[in-house]
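All residue numbers in this chain count up from 1 along the given sequence. Atoms within each ligand, like the ligands themselves, are counted from 1 in listed order.
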Amino acid sequence: MLRIGMLTSGGDCQALNAAMRGVVKGIYSKTDDVEIYGFQDGYKGLMYSNFEMLTSKDFSGILTRGGTILGTSRQPFKLMREPDANGLDKVEAMKHTYHKLNLNCLVILGGNGTHKTANLLREEGLDIITLPKTIDNDLWGTDMTFGFQSAVDIATDTIDRIHTTATSHSRVFIIEVMGHKVGYVTLHAGIAGGADIILLPEIPYDIDVIADVIERRAQAGKPFTILAVAEGAISKEDALLTRKEYKKKIAERKYPSIAYELEQQIQEKMDKEVRITVPGHTQRGGSPCAYDRVFATRAGAKAAELILNGQFGYMVAMKNGEFTQVPLGDVAGKLKYVDPDASIIKEAKITGISFGDE
Ligand SMILES: Nc1ncnc2c1ncn2[C@@H]1O[C@H](COP(=O)(O)OP(=O)(O)OP(=O)(O)O)[C@@H](O)[C@H]1O
Ligand SMILES: O=P(O)(O)OC[C@H]1O[C@](O)(CO)[C@@H](O)[C@@H]1O
Ligand SMILES: [Mg+2]
């Protein structure tokens, strides 16, 4: 008998269900002697022993369904070592549930935050397999994560729609794309949507450069400008602050987000109508795109293979188009950033896209 626990943690995204379906189909293709325990709302379900016993049937028909059938939750990792309101030791509670149910392994689908806890549980002796989930594509050790391509498609669609109205009204439009620390979604949607300016957390911007691009476009007979801006885009001045100083500045910022601060800065420089669009959680919603369905199904199959082989302590990862496994200890606590020297940045610049830096 194989007893498998499963949970989804962190922000939801497209293809979580597709990935779990892949794992379950992969296992059931080899054996029927399986019990699947689905923990509700992320690690919470494991802590408080909230689970449902699922069968292969529960995973049928969910390939195209957005969200997660298990529910999810998030909390800063540092709170994991702090007792809950009733004094419960969260890590001990999770271990207790795992052992009480006599699980052979725990399958965890999550992003970078989730992997810190997954690795902690591995260090505590649990057998863990993880799958790389996040729209941010910021997981170290894998070239791709599921959710990313779907989010890029949605953000691109937003930019496409803004393009027509921006052109009609000769306006400057700021489209704020998800990504506080890492700008992959903004970079790809920005290029795909033909944004004129792309601002990423990894490449600090200079407001004078931005004003100059808008001005030069107007002089060239293009009175509208589209800016694709990551939630975590940062000015050159702010990039010089210490982490603590910057956090304080953000906490005290009178604007709801970077897009509104930028709008103000642009309007101080020029007499232009500026509008803001924030697609927000639409980027995580709805059905996964075809790429993510394929990626998640393959990742699920790879996870099933590892489980059946008794290989634990790994994240399923894609490297150069092939699925492989990376030790959890290598993944946890790291982020994969956009490399400002990557050729994609150079190529975007060659085609006239400004990153607001020079
Ligand atoms: N009930 C809980 N109590 C304490 N910590 C929790 C609980 N549920 C989840 N967590 C923690 O929440 C965090 C989820 O991570 P985070 O919010 O950084 O998202 P992520 O996994 O990086 O995914 P994404 O970036 O795609 O949203 C993990 O550190 C996990 O351990
Ligand atoms: O769902 P929440 O808690 O509002 O978090 C939003 C954040 O989650 C992500 O969608 C995924 O990490 C980020 O891109 C975004 O900044
Ligand atoms: Mg994350």
[atom] - nearest protein heavy atom and its distance:
atom	answer
atom 17 (O) of ligand 1	Arg74 NE, 2.7 Å
atom 18 (O) of ligand 1	Gly113 CA, 3.3 Å
atom 13 (C) of ligand 1	Gln75 O, 3.2 Å
atom 2 (C) of ligand 1	Met47 CE, 3.6 Å
atom 21 (O) of ligand 1	Thr114 OG1, 2.4 Å
atom 25 (O) of ligand 1	Asp136 OD2, 3.6 Å
atom 24 (P) of ligand 1	Lys133 NZ, 3.4 Å
atom 1 (N) of ligand 1	Lys44 CG, 3.2 Å

Pair Glu245-Lys248, salt bridge (Lys or Arg N to Asp or Glu O under 4.0 Å): steps then yes or no: CA-CA 5 Å; Glu245 288 168 338; Lys248 186 165 178 277; over 6 Å; no
Contact with ligand 1 for His115, non-hydrogen, under 4.0 angstrom: no
Sub-3.5 Å N/O-N/O distance, Gly111 and ligand 1: yes
Taking N or O atoms only and a 3.5 Å limit, does Gly11 qualify as a polar contact for ligand 1? yes
Between the candidates Cys13, Ser73, Gly10, which shows the shortest non-hydrogen contact distance to atom 8 (N) of ligand 1? Ser73
Judged by heavy atoms only, the candidate from Thr134, Asp138, Ile108, Thr117 nearest atom 26 (O) of ligand 1 is Thr134
Under 3.5 Å, is there a donor-acceptor pair between the [X] and [Y] side chains?
X	Y	result
Asn50	Lys44	no
Lys100	Ser49	yes
Gln264	Glu268	yes
Gln311	Asn309	yes
Gln14	Ser287	no
Arg171	Thr225	no
Asp153	Tyr291	no

Under 4.0 Å, heavy-atom basis, I'd like to know which part of Asp41 is in contact with ligand 1: side chain, backbone, both or neither. neither
Under 4.0 Å from ligand 1, counting heavy atoms only, is it the side chain of Lys116, its backbone, both or neither? neither
Output yes if Thr114 passes the N/O/S-under-2.8 Å test against the Mg ion (ligand 3); output no otherwise. no
Hey, can you tell me if Phe295 and Phe146 have their rings parallel, tilted or perpendicular (30° and 60° cut-offs)? tilted
State whether Glu358 and Lys349 are salt-bridged, where the test is any N-O pair (Lys NZ or Arg NE/NH1/NH2 against Asp/Glu carboxylate O) under 4.0 Å. yes
Does this structure show an ion pair linking Glu322 with Lys302, if we count only N-O contacts that are shorter than 4.0 Å? no
Please list, in number order, the atoms of ligand 1 under 4.0 Å from a heavy atom of Asn112. 20 (P), 21 (O), 22 (O), 25 (O)
Side-chain heavy-atom pair Pro201, Lys181 within 4.5 angstrom cut-off: no
Verdict with reasoning, Lys269 to Glu263, per salt bridge (Lys or Arg N to Asp or Glu O under 4.0 Å): CA-CA 10 Å; Lys269 298 261 168 211; Glu263 175 195 27; over 6 Å; no
Within the protein, residues bringing a heavy atom under 4.0 Å of ligand 2, chain by chain: Arg74, Ile135, Asp136, Met178, Gly179, His180, Glu231, His281, Arg284
Show your reasoning for whether side-chain contact (heavy atoms from CB on, under 4.5 Å) applies to Ile129 and Cys105. CA-CA 7 Å; Ile129 286 292; Cys105 72; 5.6 Å; no
